Protein chains: 2
Amino acid sequence: MAVETRDRIIEAADLLFYQHGFEATSFADIAASVGISRGNFYHHFKTKDDILDGVINRRLANTEQMLDRWEIAGSDPAERVRSFIHILIVNGEKIRKFGCPVGTLSSELAKLNHAAKSDATALFTLFRSWLCRQFERLGFGDRSDELAMHILGRSQGVATLANAFDDDRFLHHEVDLMCTWLDDQIAELSTENHSVRE
Amino acid sequence: MAVETRDRIIEAADLLFYQHGFEATSFADIAASVGISRGNFYHHFKTKDDILDGVINRRLANTEQMLDRWEIAGSDPAERVRSFIHILIVNGEKIRKFGCPVGTLSSELAKLNHAAKSDATALFTLFRSWLCRQFERLGFGDRSDELAMHILGRSQGVATLANAFDDDRFLHHEVDLMCTWLDDQIAELSTENHSVRE
DNA sequence: CCAGAACTAGGACAATTGTCCCAATTCAGA
DNA sequence: TCTGAATTGGGACAATTGTCCTAGTTCTGG
């Protein structure tokens, strides 16, 4: 069936774009990975940019689904933010090899001046607004987006260095620091509220 | 003279690799930028990888020089670390457009499985050990490398997000946070020392 | 069962890639 | 000034790129 092949192409392209980058991945590479002929591509995707769109949309959908799952998982917002932080460990091996899929794609598209750069940024925005929502529920009000960006940035930096140095210990240590930071923020917030009430 | 041309090639390649990435920059691009013929390249650089080596060595030399300048600038180690943090602001415009030169190159070479990846990591190591030295002088002992990696990671994350969102306010805010973090670390350290003495 | 749509394989196409050669020019040293 | 090395420009080269076409095959709805 058509949809199956299309999905298989996107799935293979997703992986290859992540592992080797968008520019460095050719039609031939994807075709070989899927096991279909190069020419067959044109029927499913008119241009390479179309495949990129497909890949980004797939990532957007998968990410949204993951965040939704965490949201309905019942645990408190702080626990959800911890889930986000722990992606670094869950995907630790891949991150050490290829970096963060979101950050590296965004960087590459920025350099290529690619039209889909804003779509890649939308992936970041998905995490950003989700994190922001969690902080709002924790009572951080206007500071929520700031905190969301902070933790998003921290994980990006950890991914970049863990990749550069292939360092698992660093990754774990920084995850601990981020969790501590989260606890501190929550603790500080509650003392603030106390002093406001008094 | 030969050296002049060679340097002009490396300088142009350095800029293009930073702005558009290594893979996306062709011989023709560099030649056009320098204003010499494509064929003339072969006399100076046998392969594209040779140019990359030249660029990385140039960056290594420039970085070392910059760090040395900061080191002899007389101010205390904390001030030096602040100098490092403020690169994010000094180079803010470029970073928002193209990301961190060190981090993005390192990521790209990791994905390309390129032989020069370790050389790119050496650029990180330059900053890492320099920062480590400053923390040691501040009295952080065994924790110095940890702190160096922490601040290195923070700035990487800030660069990635400032680039993705083209956000100058975020960049400035995070720089402030990093400086505050540094002050806190130093303050905590001095109270620790006090309690040890008592 | 059959017409038309969906799909596939294979290759053509011009453009670009990194690499390389060669003839012309410039330069340095005797 | 003369010689040989260093440098340069203008391509040639095969390989690969993204794009596109065409002729077959498979599938589906009536």
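Predicted model, so just to flag it, every value in this text is computed and none were measured. Per chain, numbering begins at 1; letters A, B, ... match sequence-line order. Note that these values count all heavy atoms, side chains included, but never hydrogens, waters or copies made by symmetry.
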| Looking just at side-chain N and O atoms, do B:Asp29 and B:Ser26 make a donor-acceptor pair shorter than 3.5 Å? | yes
| Can B:Glu79 and B:Arg82 be counted as an ion pair, charged N to O under 4.0 angstrom? |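 Here B:Glu79 pairs with B:Arg82 in a salt bridge, since their nearest N and O are under 4.0 Å apart.
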Atom pair distance, as rounded to whole Å: [atom1] in [X] and [atom2] in [N]:
| X | N | atom1 | atom2 | value |
| --- | --- | --- | --- | --- |
| B:Ile30 | C:dG18 | CD1 | C1' | 11 Å |
| B:Leu16 | C:dT17 | CG | P | 12 Å |
| A:Leu52 | D:dG18 | CG | P | 13 Å |
| A:His114 | D:dG18 | NE2 | C1' | 12 Å |
| A:Asn40 | D:dC20 | CG | P | 16 Å |
| A:Leu112 | D:dG18 | CG | P | 12 Å |
| A:Phe45 | D:dT19 | CZ | C1' | 15 Å |

[N], OP1 or OP2 - any side-chain N/O from [X] closer than 4.0 Å?
| X | N | result |
| --- | --- | --- |
| A:His44 | C:dT8 | yes |
| A:Ser26 | D:dT17 | yes |
| B:Ser37 | D:dG11 | no |
| B:Tyr42 | C:dT19 | no |

| task | For atom CZ of B:Arg137, decide whether the heavy atoms of other residues, nucleotides or ligands shown that lie under 6.0 angstrom number more than 12. | result | yes
| message | Does A:Lys48, at its NZ atom, have more than 12 non-hydrogen atoms belonging to other residues, nucleotides or ligands within less than 6.0 Å? | response | yes
| On DNA chain D, nearest-nucleotide positions of B:Gly35 versus A:Lys46: which is more 5'? |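 In this pair, the answer is B:Gly35.
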| task | Identify, between B:Ile36 and A:Glu23, the residue whose nearest nucleotide on DNA chain D lies closer to the 5' end. | result |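 Nearest-nucleotide comparison on DNA chain D picks B:Ile36.
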| said: From the set D:dT8, C:dA6, C:dA9, return the single nucleotide nearest to any side-chain atom of B:His43. | reply: D:dT8
